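In what follows, a structure is listed as structure tokens, so that the remarks can point back to it.
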Amino acid sequence: MTTERLAFRAPELADGDALFELMNDFDIVKYLTSVPWPYTRPDADAYIQRARTGRAEKDGLYHLVLDRSTENPVGTVDLRFDPEETAHFGYWLATPVWGRGYASEALAAVLDFGFGTLGLKRIWGAAMLENPASIRVMEKCGLAHAGICGCSVRISEMRST
């Protein structure tokens, strides 16, 4: 998978230092529900291991997002499979690349791949209400508001037509 400005590949063990450097940022972690703080170097290794296991067991696709011009990692985007041709996504991008449209570009690529290549029927994601930028990314990619859970998280989804 590639886009005009981004490339995607499975995280590798050698990516641990880069992931730690990017993710060790409270401005990112405060919007994520399953990432510990403080974020440690072993946490980066644990993510890479989860990604490798998820891919091997066909539970999901975990991608490192790379800036194509530099080949440097700028974040991750995951597509985790649910029952009945459904999946949910998660993503984060490093703060130095915020505001460049990378999140929308990455999510659009994952949605296209999920609905097109994988033939999924429904893909959903969630964002904290305190993170309007992520909600805008989902809206820009065509996801519809599907509800708010009791923990102030907005859930958005898209269905294949």
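Treat the numbers as computed from the prediction; the structure is a model and nothing was measured. Heavy atoms only: backbone and side chains are in, while hydrogens, waters and symmetry mates are out.
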With sequence neighbours excluded, tell me which residues meet side-chain contact (heavy atoms from CB on, under 4.5 Å) with Glu12.
-> Arg9, Asp15
Could you pull out all residues at least two apart from Lys140 that satisfy side-chain contact (heavy atoms from CB on, under 4.5 Å)?
-> Ser104
Which heavy-atom pair separates Gly75 from Leu93 by the least distance, and what is that distance?
-> CA-CD2, 4.0 Å
Transitive ILVMFWY side-chain link Val97 to Phe8, under 4.5 Å = yes
Heavy atoms only: give me the nearest Met138-Phe89 pair and the separation to one decimal.
-> SD-CZ, 3.6 Å
For Phe115 and Leu120, the nearest pair of non-hydrogen atoms, with its separation, is CD2-O, 3.1 Å
Intermediate values then yes/no, side-chain contact (heavy atoms from CB on, under 4.5 Å), Asp78 and His63 | CA-CA 6 Å; Asp78 306 334; His63 297 97; 5.7 Å; no
Pair Asp27-Thr95, side-chain donor/acceptor within less than 3.5 Å = no
Mind checking side-chain contact (heavy atoms from CB on, under 4.5 Å) for Val29 and listing every partner two or more places apart, or none if nothing turns up?
-> Met23, Val35, Trp37
With sequence neighbours excluded, residues passing side-chain contact (heavy atoms from CB on, under 4.5 Å) with Ala7 | Thr2, Leu66, Arg68
What residues, two or more places apart in sequence or in another chain, satisfy side-chain hydrogen bond (donor to acceptor under 3.5 Å, both in side chains) together with Ser34?
-> none
What's the shortest heavy-atom distance between Ala94 and Leu22, and which atoms?
-> CB-CD2, 3.6 Å
Note: Ala44 and Tyr39 closest approach over all heavy atoms is CA-OH, 3.1 Å
Point-to-point distance, once rounded to the nearest 0.5 Å, from NE2 of His145 to CD1 of Ile135 | 9.0 Å
How far does CD1 of Ile48 sit from OH of Tyr62, to the nearest 0.5 angstrom?
-> 13.5 Å
Ring pair (Phe, Tyr, Trp, His ring centres under 6.0 Å) partners for Trp98, two or more places apart | none
